[in-house]
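Working notes for the structure below.
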Amino acid sequence: MSLSRQLAGFAANLRYEDLPSAVADRTRGVILQALLSALLARDMAPTKQALAMMQEEEAGGAGIATVLCSGAKLTKGGAAFVNAEMIFAGGKWDTFRMLTHPGIAILPAALAAAETTGCDGKTFLTAVAAAYEILERMAADFIPTTMSRGFHAGPVFGIFGAAIAAAKIHGM
């Protein structure tokens, strides 16, 4: 079985009841850390610029996802972008081997998916835990070669974490 199928199977089959209490607690912690970072950055220039840009880009669009701290409604992608910028601007990032900041990618995608599906807290927490696990497993094996080829590990692996979180929340 391929590595991608193994990782997808892990994510698809993970249940809240499978999470060790330490993992559930750590997942809650990284969620709170990202929310704190967003709160710190709510009035910073990068946040204001990202929000203004997306509001202009999506003018007249169907706003279905909420931007943290402001309450503005944008598309899922627009809200996730602004929320990622806000979490990043706050500077209180989680880190994996000092080369990726998983929460900046995972949490904005998970929040948008959770809001638009109305998922419960256990589903949200399980999706975030699965996303972290898979992103960090992939990054652990490939960070050295990724960096040596001139790519920053965060953007390369972050998209996989975001995709896992959103897919898990959507029941995929």
For this session: Using the ring of Tyr132 (Phe, Tyr or Trp, six-membered ring only), decide whether Arg26 places NZ or CZ under 6.0 Å from its centre and within 45 degrees of its axis.
Result: no
Exercise. Do the side chains of Ile134 and Val30 join up, straight or via other hydrophobic residues, at under 4.5 Å, putting them in one cluster?
Worked result: yes
Seminar exercise, completed: On a heavy-atom basis, the closest approach of Gly103 and Ile87 is O-CD1, 4.5 Å
Problem set entry | Interatomic spacing from CD1 in Ile164 to CG in Leu135 - rounded to 0.5 Å | 9.5 Å
Problem set entry | Glu115: partners by salt bridge (charged side-chain N to carboxylate O under 4.0 Å, His left out), with sequence neighbours left out | Lys73
Problem set entry | Distance in Å, Asp120 CG paired with Ile169 CD1, rounded so as to fall on 0.5 Å steps | 10.0 Å
For this session: Any chance you could measure Leu111, atom CG, to Ile106, atom CD1, to the nearest 0.5 Å?
Result: 11.5 Å
Problem set entry | Shared hydrophobic cluster for Ile31 and Leu40 (ILVMFWY, side-chain gaps under 4.5 Å) | no
Exercise. Would you say the side chain of Leu7 lies within less than 4.5 Å of the side chain of Phe160, judging by non-hydrogen atoms?
Worked result: no
Exercise. Does Met147 belong to the same Ile/Leu/Val/Met/Phe/Trp/Tyr cluster as Ile159, with side-chain heavy atoms less than 4.5 Å apart forming each link?
Worked result: yes
Problem set entry | Interatomic distance, Lys168 atom NZ to Asn13 atom CG [nearest 0.5 angstrom] | 7.0 Å
Seminar exercise, completed: What one should report as the nearest heavy-atom pair of Ala80 and Ala109 is CB-N, 4.4 Å
For this session: Quick one: pull up CG in Leu51 and CG in Leu74 and give me the separation to the nearest 0.5 Å.
Result: 6.5 Å
Problem set entry | Closest approach of Ala131 to Gly161 (non-hydrogen atoms, all atoms of both residues) | CB-O, 3.1 Å
Problem set entry | Shared hydrophobic cluster, Met44 / Leu68 (ILVMFWY, side-chain heavy atoms < 4.5 Å) | no
Exercise. Between Ala113 and Ala166, which heavy-atom pair has the shortest distance, and what is it?
Worked result: CB-CA, 4.0 Å
Exercise. Got a sec, which pairs hit ring-ring contact (aromatic ring centres under 6.0 Å, His included) with one end in residues 57-95, sequence neighbours left out?
Worked result: Phe88-Trp93, Trp93-His101
Exercise. side-chain contact (heavy atoms from CB on, under 4.5 Å) between Leu14 and Leu19: does it pass, once the steps are laid out?
Worked result: CA-CA 8 Å; Leu14 185 65; Leu19 298 177; 4.0 Å; yes
Problem set entry | Nearest-0.5 Å distance, CG of residue Asp94 to CG of residue Leu107 | 7.5 Å
For this session: Verify, without hydrogens or angle tests, whether Ser37 (side chain) and Gln33 (backbone) share a donor-acceptor contact under 3.5 angstrom.
Result: no
Problem set entry | Donor-acceptor contact present, side-chain Thr47 to main-chain Asp43, <3.5 Å | no
For this session: Mind listing the closest non-hydrogen atom pair of Ala72 and Gln55 along with its distance?
Result: CB-NE2, 3.7 Å
For this session: Write down the atom of Val82, the atom of Met54, and the distance for their closest heavy-atom approach.
Result: CG2-CG, 3.6 Å
Exercise. Given the rule in the side-chain contact (heavy atoms from CB on, under 4.5 Å) test, do Val67 and Met86 qualify, once you have shown the distances and angles that lead to the verdict?
Worked result: CA-CA 9 Å; Val67 174; Met86 193 181 316; 3.8 Å; yes
